[in-house]
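Report on the following structure.
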Amino acid sequence: MTLRSEDSRFTSKYHSSARVRRCDGDWQEIWLRIEYEKYDPTHLTCVLSAHQLKPEDIIQPETSECHIVARNPVEHPITIWGINGWRSDRSEVELNVFGADIGCTDDPLPAGEEVSVIVQLSAGKVLEGMRGLVLNYDGTITHYERAEANKADKEEKVIAWEEDGVKTEARIFYQYEDTSVAANPALLRIACPSFRRWFKADGTTSLSQIMDKTEEDAGDIARLLALCSRERVRWYEIEVETVNFKESPRLYPRAKRRGSLSHKSESSKWGDPLIDHRDLIDGGFKRLLDAYRASKYRKALQRSISFEVSSRNNRGLDTSYAFCLMALEALVNDLTEQAGSATTLDAQKWRKLQAELESVVMTYGDQNALDRAVIDTILKRISELTRISLVDAVKQQVDTWGVKIDDLWPSSVGFLAGLRQSIKLRNDLFHRASTADPDLLYENLFRLRVLVERFILKVLAWPDEKIWVWHAQEVKRVNKASESKS
């Protein structure tokens, strides 16, 4: 497979003669063209050309995939996946796709074969390395001099770990591209957040299996980098190759999975991280990753992190506010359910009380000739009476996990009153399309974000002294402003 770049647009192109599997099981000869911008994860073009080619004949209806065997440089499979539309004429079909797998075979790699994997990420500012000023948990400030590290001939440490013989390194890697400025030649240095891993094949694992396992791992790694960086991080390309591929591409395999993101991350490029780079090196990130994978609340953590990071994606204030409360509810509801404390009565007592309440409602409805629809609505609401409120559930869980809450609202307001106010603001906004004080939405958004982050880190057993000391600086500012107004 030959990918070449055009200097003007940095476009990678893959062209090959191929055959596509039709829905009736036959194969049809085509010319295949796959193109994408190397540094733009939102762009992916896939075009199939042949006489009388019809998209409904080649797109598998069960999977929304298209299966192809290409011939450049040797025969290898290509799967076009996530097909959600197309444009076609009599000789060409352009597919709207989420991604493509190129060369992902099911043949096991030879035992001992050295394999490298590169995963490109959409963002990850926590990978940038040490900061000039280090703000310590105890309030002291130290200055990290890169020059001092260079004098000692030491490279700055990167986030790295090893498990089961697989070495992984996450950092900012750099690509270099020739270009020109006016009539002058120039060299572009492009920062690419990514992680890379190296290992030896065990003789039983295929390229497709390596790709699937890497994608699963990439989801976990990207999610935790997003939490630490306070910005959305997603993978968009996975490349697997053996070290000898570049010398003999016909003998040694290579595979690529290219995804297409719906839009670029729009998180703010400014602001402090939640966990800094210095606390993720020397095994710090591995500790966080292990805690996440081993947690019995993993699914709740996944949802909560995704919602919290989405609240920072430069969306409208109302949308960000809703996402942040969704992050809190996703985590608290799961913790409460698993603790068996989501209801005020045990199941047996509640069933008895529920039956009596339903009987009273039915009798009252019959005696007062209430409409059946009204009675049904009331009966549905009865089942909600036994659940504890969100405020009570949050308070119960912050006490259980020891989450710091006394600095989130001014002392004149307090945590419980502030939380009730925050939830009421959300309910008024989305159920009544009104809000008494827009400024409170803005202020409480900062408070809720910090609450969710602290909650997540407690569940992950992350030490308090390894949280970036200025992570809650916005809360201090809004509380000071709030107190000055009152």
Side-chain angles (χ1 to χ4, degrees), residues 10 38-41 114-134 144-150 152-177 187-199 210 213-241 243 256-259 261 264-265 267 269-290 292-293 305 309 462 466 468:
F10 307 124
K38 288 176 63 176
Y39 309 111
D40 181 2
E114 294 185 7
V115 181
S116 66
V117 181
I118 303 173
V119 180
Q120 303 290 353
L121 303 172
S122 61
K125 60 188 175 187
V126 78
L127 300 176
E128 293 173 359
M130 295 290 287
R131 296 161 164 253
L133 289 178
V134 177
Y144 178 81
E145 289 284 0
R146 296 176 188 272
E148 293 298 323
N150 294 336
D153 292 326
K154 294 180 180 178
E155 291 187 4
E156 184 177 301
K157 289 184 178 180
V158 300
I159 299 172
W161 66 95
E162 183 175 352
E163 56 183 341
D164 300 327
V166 179
K167 298 179 181 179
T168 304
E169 187 176 289
R171 60 185 297 180
I172 302 293
F173 291 88
Y174 293 94
Q175 300 284 347
Y176 296 87
E177 298 282 359
L187 183 67
L188 289 177
R189 188 175 83 151
I190 302 169
C192 302
S194 56
F195 72 86
R196 305 187 178 193
R197 51 181 39 170
W198 302 267
F199 58 94
I210 293 172
K213 179 64 167 64
T214 302
E215 181 179 347
E216 180 182 348
D217 292 346
D220 294 341
I221 293 169
R223 190 167 294 111
L224 293 179
L225 289 176
L227 174 68
C228 297
S229 298
R230 293 171 140 182
E231 64 178 341
R232 194 173 186 185
V233 180
R234 293 168 291 172
W235 74 269
Y236 65 90
E237 183 175 282
I238 303 173
E239 192 167 9
V240 181
E241 67 178 36
V243 295
K256 176 174 288 190
R257 176 169 292 174
R258 177 80 182 195
L261 305 183
K264 291 183 179 178
S265 174
S267 301
K269 298 301 179 185
W270 307 103
D272 295 298
L274 177 59
I275 303 174
D276 192 58
H277 179 273
R278 67 180 177 133
D279 292 313
L280 296 174
I281 60 176
D282 296 326
F285 188 80
K286 177 65 162 54
R287 172 181 178 175
L288 194 66
L289 185 61
D290 287 345
Y292 172 76
R293 288 173 170 169
I305 292 171
V309 171
W462 186 256
K466 291 187 179 295
W468 188 244

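The chain is numbered in sequence order, starting from 1.
Of all heavy-atom pairs spanning A123 and P193, the tightest one is O-CB, 3.5 Å. When all heavy atoms of F199 and G165 are compared, the pair lying nearest together is CB-O, 3.8 Å. For I172 against A191, the heavy-atom pair with the smallest separation is CG2-CB, 3.6 Å. Here the shortest heavy-atom pairing between R293 and E163 reads NH1-OE2, 3.2 Å. Between V158 and A170, the shortest heavy-atom distance links the atoms CB-O, 4.3 Å.
Judged purely by distance below 3.5 Å, without hydrogens or angles, the side chains of W468 and D276 never pair a donor atom with an acceptor atom. Using modelled atom types and a 3.5 Å distance limit, the side chains of Y39 and E177 yield a donor-acceptor pair.
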For side chain to side chain contact (heavy atoms under 4.5 Å, CB included), just list the numbers for S122 and R232, CA-CA rounded to whole Å, side-chain angles, deciding distance to a tenth of an Å, and then say yes or no.
-> CA-CA 8 Å; S122 61; R232 194 173 186 185; 5.9 Å; no
Show the numbers, then the answer: is there a salt bridge (charged side-chain N to carboxylate O under 4.0 Å, His left out) between D272 and K125?
-> CA-CA 10 Å; D272 295 298; K125 60 188 175 187; over 6 Å; no
Decide side chain to side chain contact (heavy atoms under 4.5 Å, CB included) for Y292 and D220; before the verdict, give the C-alpha distance in whole Å, the side-chain angles of both, and the deciding distance to 0.1 Å.
-> CA-CA 8 Å; Y292 172 76; D220 294 341; 3.4 Å; yes
Test side chain to side chain contact (heavy atoms under 4.5 Å, CB included) applied to W462 and L227, step by step | CA-CA 12 Å; W462 186 256; L227 174 68; over 6 Å; no
Could you give me the CA-CA distance, side-chain angles and deciding distance for K256 and E237, then say whether side chain to side chain contact (heavy atoms under 4.5 Å, CB included) is met?
-> CA-CA 7 Å; K256 176 174 288 190; E237 183 175 282; 4.0 Å; yes
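At a threshold of 4.0 Å, the pair R171-E169 counts as salt-bridged, since one of the basic side-chain nitrogens sits closer than that to a carboxylate oxygen. At a threshold of 4.0 Å, the pair R287-D290 does not count as salt-bridged, since none of the basic side-chain nitrogens sits closer than that to a carboxylate oxygen.
A cation-pi contact, defined as under 6.0 Å to the ring centre and within 45° of the axis, is absent between R234 and Y236. For the pair R189 and Y176, the cation does not sit on the ring face, since its NZ or CZ is not both under 6.0 Å from the ring centre and inside 45° of the axis.
In this structure, W235 CH2 and Q120 CD are separated by 11.5 Å, a value rounded to the nearest 0.5 Å.
Across V117, V119, I118, a single residue satisfies side-chain contact (heavy atoms from CB on, under 4.5 Å) together with R196, and that is I118.
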